[in-house]
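It should be emphasised that the depicted structure is a prediction, and the values quoted were computed from it without experimental measurement. Position 1 is the first residue of the sequence, and the numbers go up from there.
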Amino acid sequence: GLLLFYFKLRKSNKTISENNNKLRELDETKTRFFTNVSHELRTPLTLISGPLEQLLENDSSLSSKSRSYAKLSLINAKKLHGRVNEILDLGKLEAGKLSLDRSSIHLAPFISRQVHAFDSLIIMRNVTLNFNSSVADDYGVATDTNKLEKIVNNLLSNAVKYAPNNSTIT
């Protein structure tokens, strides 16, 4: 009975080992896929951002509304570019080499800018988004701004997405 148990255990361990190898290969394939797609997305994003930057810098005939929309489009194109870079960081994360990039920011103005980036979405969703802060505008914090921006954007995106029409988010 012990001999039979031993052979079944060896066979089971071999199967587990083979499955682990297959999963590792699939994970590596997934990472390569995301890396390749991310590289392919960077060029069109650059081709979108460049003309918007030139338009904002060189065209003084833009109405304030058009200028505002162009700025918002540029901000969102840069955010998308940042998300593409995060996908490229997946390899670093899996290798355990992803680190925090700390810098000092003024917290309230930083969050206020994130809130205003959602202006077009809140108009489309017919909701009101209010940002009230008891923190002084010059209050600074040391943080990884890219990661904090992602967290705030996810919170705001979910709040706007799941808010009922004609409601107020504070």
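The line from CG of L62 to CG of L55 is 4.5 Å long, rounded to the nearest 0.5 Å. Taking CG from N153 and CZ from R83, the interatomic distance works out to 5.5 Å, rounded to the nearest 0.5 Å. Here the CD1 atom belonging to I75 is positioned 11.0 Å from the OG atom belonging to S49, to the nearest 0.5 angstrom. Taken from CG in L80 to CG in L45, the straight-line distance is 4.5 Å, to the nearest 0.5 Å. Rounding to the nearest 0.5 Å gives a distance of 11.0 Å between OH of Y139 and CD1 of I105. Here NZ of K71 is found 12.5 Å from CG of L52. Values are rounded to the nearest 0.5 Å.
Counting heavy atoms of neighbouring residues, nucleotides and ligands inside a 6.0 Å radius, atom CZ of F131 exceeds 12 of them. Shown here is K150, whose NZ atom has no more than 12 heavy atoms of other residues, nucleotides or ligands within 6.0 Å. Within 6.0 Å of atom CZ in F110, more than 12 heavy atoms from other residues, nucleotides or ligands are found, so the atom counts as buried in its surroundings. Within a 6.0 Å sphere centred on CD of E40, other residues, nucleotides and ligands contribute 12 heavy atoms or fewer.
In this structure the side chain of L107 reaches within 4.5 angstrom of the side chain of L148, judged on heavy atoms. R113 is not listed as a side-chain neighbour of E149, based on a closest heavy-atom distance of 4.5 Å or more. The shortest distance between side-chain heavy atoms of N85 and R42 falls below 4.5 Å. Contact of the L23 side chain with the D27 side chain is not registered, since no non-hydrogen atoms from C-beta on lie closer than 4.5 Å. Under the 4.5 Å side-chain criterion, counting only non-hydrogen atoms from C-beta, L121 is not in contact with K161. Considering only heavy atoms from C-beta on, I122 stays 4.5 Å or farther from T128 through its side chain. Using a 4.5 Å heavy-atom threshold, the side chains of I111 and V135 count as separate. In this structure, L72 and S120 have side chains that are in contact, with non-hydrogen atoms separated by less than 4.5 Å.
Closest approach of L74 and E53 over heavy atoms only: CD2-CG, 3.5 Å. Taking all atoms of both residues into account, the shortest heavy-atom contact from I169 to A159 is CD1-O, 3.4 Å. Between N76 and A117 the shortest heavy-atom distance is ND2-O, 4.2 Å. The shortest non-hydrogen separation linking R67 to L56 is NH1-O, 2.9 Å.
R32 and T29 are linked by a side-chain donor-acceptor pair at a separation below 3.5 angstrom, with hydrogens and angles left out of the test. The closest side-chain donor-acceptor pair between N13 and R10, if any, does not fall under 3.5 angstrom.
Side-chain atoms of S73 come within 3.5 Å of backbone N or O of Y69 as a donor-acceptor pair. With hydrogens and angles disregarded, no donor-acceptor distance shorter than 3.5 Å links the side chain of S68 to the backbone of S64.
In the hydrophobic clustering of ILVMFWY residues, with side-chain heavy atoms under 4.5 Å counting as a link, Y162 and L156 come out apart. Linking Ile, Leu, Val, Met, Phe, Trp and Tyr whenever their side-chain heavy atoms come within less than 4.5 Å leaves I151 and V141 in two separate clusters. L41 and F33 fall within the same hydrophobic cluster, where Ile, Leu, Val, Met, Phe, Trp and Tyr residues are linked whenever their side-chain heavy atoms come under 4.5 Å apart, directly or through other members.
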Query raised in the report: So R125 and N165, side-chain contact (heavy atoms from CB on, under 4.5 Å) or not? Walk me through it.
Result: CA-CA 6 Å; R125 293 274 300 124; N165 286 343; 3.2 Å; yes

Report task. Start with the C-alpha gap between D101 and K147, add the side-chain angles, then the distance that decides, and say whether side-chain contact (heavy atoms from CB on, under 4.5 Å) holds. Result -> CA-CA 9 Å; D101 184 18; K147 290 176 180 56; 6.0 Å; no

Requested in this report: Please report the C-alpha distance between L129 and V127 in whole Å, then the side-chain angles of each, then the deciding distance to 0.1 Å, and finally whether the side-chain contact (heavy atoms from CB on, under 4.5 Å) criterion is met.
Outcome: CA-CA 7 Å; L129 180 59; V127 296; 5.6 Å; no

Requested in this report: Show your reasoning for whether side-chain contact (heavy atoms from CB on, under 4.5 Å) applies to I16 and N20.
Outcome: CA-CA 6 Å; I16 290 171; N20 282 341; 3.9 Å; yes

